[in-house]
Amino acid sequence: MDNNEIARLLSETADLMEIAGEDPFRIRSYRNAAAVIEAHPEPLESLAEQPGRSFTEIPGIGKGLAAALAEILARGSFERRDEMLEKYPPTVLPMLRLQGVGPKTLRALIEHFHISTMDDLERICAEQRLRTLPRMGAKLEEKILRSIQQFRQSAGRFTLDFASGVVQELQQYLGEAVPAGSFRRGKETVGDIDLLVTGAEPAAVLERFAAYPAVKEVLAKGENKASVRVGFEGIQVDLRVLPAESFGAALQYFTGSKEHNVSLRTRAAHRELTLNEYGLFRLGSGERVAGETEEGIYEALGLAWIPPELRENSGEIEAAAAGALPRLVERSDIRGDLHMHTRESDGRATLEEMAEAARELGYEYIAITDHSKSLAMANGLDEKRAVEFARRVREYNRRNGAVHVFAGLECDIKRDGSMDLSEDALAELDFVVGSVHSYMNIDPREMTDRLLRALESPSL
DNA sequence: GCCGTTTTCGGCCCGACTGTTTTCAGTCG
Ligand SMILES: Nc1nc2c(ncn2[C@H]2C[C@H](O)[C@@H](COP(=O)(O)OP(=O)(O)OP(=O)(O)O)O2)c(=O)[nH]1
Ligand SMILES: [Mg+2]
Ligand SMILES: [Mg+2]
């Protein structure tokens, strides 16, 4: 079983434990273990095979979880999971993802109506029977019905690129709004868009936000924050408004991650301080210690400022305390790009346009690596065209100095591991990338042999 | 469940919004 599957078992068990009303801190440990294992580079299967090693060497895994992990590897499940599955079928789990349905509500629904699927829940709400339960009414029935609709049509998470378009439009509309959350942390995908506004009259900003033309639904709107669904895709946008003097604390809070925040706030508490989105305060006197800037907050906690991309509670706080944070790669560090296409195969720009774009990005060099002939649908190059194109690249280099262009090729690796073009032709080029575009689903051993054989090509 | 700046036992983040709540639980950020 691979790490992702193991993590899923732990995470699902945590969800079931939450429905069962178990200790929240124990549940947190299971969730944390799932996250740690999902991010762990080494397969637990191979760790388990090595004598003298133990799962407890992974932070967040103690004796209890190590035993559960051993059990999972041995038989595909573990005791507490089986115990939970006796109480609740796994089909209840998707209902926990519904907005407005938490573990308490779900447990009450399961116990009173004996529901086991989202379809069951939909029926209960449509028949207006939810309101017969204490603390549940018509509003919740409607909210759940909307949530079910949303769940069925939503893509779940969105690419950073898509979110970035929505952010820009909202920034234009709102004037000043700073992106926070997973967007600021630069995650590949975001669950929603989190925007921060400081120093403005909250009521006015939230009013304007809710009136944004693309808003499809206002999920919540209070004195300090609001949440809406926007556009055809229905992406959620959360807007928080805070005073100007709280900018640093607000940005820190809203950037997260949640786990990073919890760690930071625990650290504050150990220092007789309390941290929230308004600032860092002394416990007791309430005296303000920091809050205008993020740097000020981290500094007052004995930490170097931590780049948002690292704020995942995976060791960055310890590194910041030790002054051992890594220097992150910046765009300005990128000197060139060795995988590019042009119209010669399936790209959209010419060699000249690509070189000019690279110059504008401040690159020193690029390699044009168009496809080879096997990729016929991309109009891949045969030997003759590849050599001719290389000649054009060199001609270009003679006439233009700013960016050096390497004459390259993205050469198909055939099923037997041989290269798509002859070695004679490849030898004429500066740079050859090997790619698998066919027979992707062959046996892993055969695939490995194929790649090893390809690596024997002197040009690759 | 885990973990150790006080700790091998006792903590484990803190605040906003909604609803049928009449004093706060549940959910969510
Ligand atoms: N202190 C604290 N902050 C939280 C909590 N939940 C969320 N936050 C903060 C940190 C999050 O990064 C930020 C935005 O919340 P989101 O739910 O949108 O999460 P985030 O953007 O990190 O991930 P996402 O891609 O939206 O799933 O709010 C919490 O339980 N406690
Ligand atoms: Mg978010
Ligand atoms: Mg959010």
Side-chain angles (χ1 to χ4, degrees), chain A residues 10 13-14 17-19 21-36 55-56 58-69 78-80 96-109 130-144 147 180-182 191-196 202 206 218-228 236-242 246 249-250 252-281 283 301-303 313 317-318 321-322:
Chain A
L10 292 173
T13 304
M17 287 164 68
E18 203 172 21
I19 297 167
E22 296 205 18
D23 175 23
F25 300 109
R26 179 173 296 186
I27 294 165
R28 179 192 288 179
S29 294
Y30 278 74
R31 293 230 166 91
N32 178 57
V36 165
F55 298 130
T56 57
I58 301 171
I61 309 295
K63 281 184 67 176
L65 277 160
L69 291 173
F78 61 107
E79 199 179 330
R80 188 172 285 275
L96 259 194
R97 308 270 93 83
L98 294 173
Q99 234 160 19
V101 179
K104 298 279 164 50
T105 304
L106 186 51
R107 179 179 186 174
L109 293 172
L130 198 79
R131 59 186 71 179
T132 59
L133 262 52
R135 304 190 64 90
M136 299 192 197
K139 291 268 178 68
L140 186 60
E141 284 171 352
E142 282 159 30
K143 185 182 176 76
I144 291 176
S147 296
S182 51
D192 68 359
I193 290 170
D194 303 290
L195 293 177
L196 172 67
L206 294 172
V218 177
L219 299 165
K221 180 165 166 288
E223 294 174 35
N224 305 290
K225 65 177 187 177
S227 295
V228 301
Q236 180 174 329
V237 184
D238 295 334
L239 178 71
R240 183 70 199 265
V241 188
L242 281 153
S246 294
Q252 192 292 309
Y253 150 70
F254 216 21
T255 297
S257 64
K258 174 188 171 183
E259 291 74 21
H260 177 88
N261 288 356
V262 170
S263 259
L264 220 54
R265 289 170 179 210
T266 303
R267 184 179 177 90
H270 285 306
R271 296 168 175 240
E272 307 269 291
L273 298 167
T274 180
L275 175 63
N276 57 32
E277 61 267 48
Y278 295 93
L280 180 67
F281 306 91
L283 277 179
L301 294 173
L303 301 171
N313 194 37
I317 293 178
E318 292 78 1

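As the structure is a computational prediction, the values presented were derived from the model and not from experiment. Proteins come first, then strands; the chains are lettered A, B, ... in the order of their sequence lines, and each starts at number 1.
As judged by a 4.0 angstrom heavy-atom cut-off over every strand, A:Asn261 is placed among residues making no nucleic acid contact. Counting any heavy atom pair closer than 4.0 Å across all strands shown, A:Asp194 reaches sugar-phosphate atoms only and no base atom. At the heavy-atom level, A:Gln236 lies under 4.0 Å from the strands shown only through sugar-phosphate atoms. Nucleic acid contact class of A:Leu301 (heavy atoms, under 4.0 Å, all strands): none. When heavy atoms are screened at a 4.0 angstrom cut-off, A:Tyr278 is found touching the sugar-phosphate backbone but no base atom. Across all strands, A:Ser263 comes closer than 4.0 Å to no nucleic acid atom at all (heavy-atom distances). Within 4.0 Å of A:Pro103, counting heavy atoms only, lie sugar-phosphate atoms of the nucleic acid but no base atom. Within 4.0 Å of A:Arg267, counting heavy atoms only, lies at least one base atom of the nucleic acid. Here A:Ser227 lies out of heavy-atom contact (under 4.0 Å) with every strand. Residue A:Arg80 is classed as a sugar-phosphate contact, given heavy-atom separations below 4.0 Å to backbone atoms only. Residue-level contact check: A:Leu275 touches the backbone only, with heavy atoms under 4.0 Å from sugar-phosphate atoms and none from bases. Looking at heavy-atom distances under 4.0 Å, A:Leu140 makes no contact with the nucleic acid at all.
The partner of B:dC2 is B:dG11, judged by Watson-Crick or G-U wobble contacts that both fall below 3.5 Å.
Bounding nucleotides for the chain A contact on DNA chain B, 5' to 3', at a heavy-atom distance below 4.0 Å, are B:dG1 to B:dG29.
The separation of B:dT22 from B:dC3, taken at their P atoms, amounts to 44 Å, rounded to a whole angstrom. Rounded to the nearest Å, the gap between the P atom of B:dC2 and that of B:dT6 is 23 Å. Straight-line distance between the P atoms of B:dT7 and B:dC12: roughly 15 Å, to the nearest whole Å. Taking atom C1' in both B:dT20 and B:dG11, the straight-line distance is 36 Å, to the nearest Å. Atom C1' of B:dC9 sits at a distance of 25 Å from the matching atom of B:dC14, rounded to the whole Å. Nucleotides B:dC13 and B:dC17 are separated by 22 Å at their P atoms, to the nearest Å. Comparing B:dG15 with B:dT8, their C1' atoms sit 33 Å apart, to the nearest whole Å.
A:Ser263 approaches A:Asn313 most closely through the heavy-atom pair OG-OD1, 2.7 Å. Here the closest heavy-atom approach between residue A:Phe55 and residue A:Ala66 is recorded as CD1-O, 3.5 Å.
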Quiz item: So A:Arg31 and A:Glu18, salt bridge (Lys or Arg N to Asp or Glu O under 4.0 Å) or not? Walk me through it.
Solution: CA-CA 11 Å; A:Arg31 293 230 166 91; A:Glu18 203 172 21; 2.8 Å; yes
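Listed by chain and residue number, nothing satisfies the salt bridge (charged side-chain N to carboxylate O under 4.0 Å, His left out) test with A:Glu259 (two or more places apart in sequence, or in another chain).
Closest-nucleotide positions on DNA chain B for A:Leu206 and A:Phe25 were compared, and the one nearer the 5' end corresponds to A:Phe25. Positionally, the nearest nucleotide of DNA chain B for A:Leu65 lies more toward the 5' end than for the other of A:Lys258 and A:Leu65.
With A:Arg240 contributing its side chain and A:Phe254 its backbone, the two residues share no donor-acceptor pair below 3.5 Å.
Around atom NZ of A:Lys104, no more than 12 heavy atoms belonging to other residues, nucleotides or ligands sit under 6.0 Å away.
Rounding to the nearest 0.5 Å places CG of A:Leu242 at 8.5 Å from OH of A:Tyr253.
Considering A:His270, A:Arg265, A:Arg271 as possible partners of A:Arg267, the one that fulfils the side-chain contact (heavy atoms from CB on, under 4.5 Å) test is A:Arg271.
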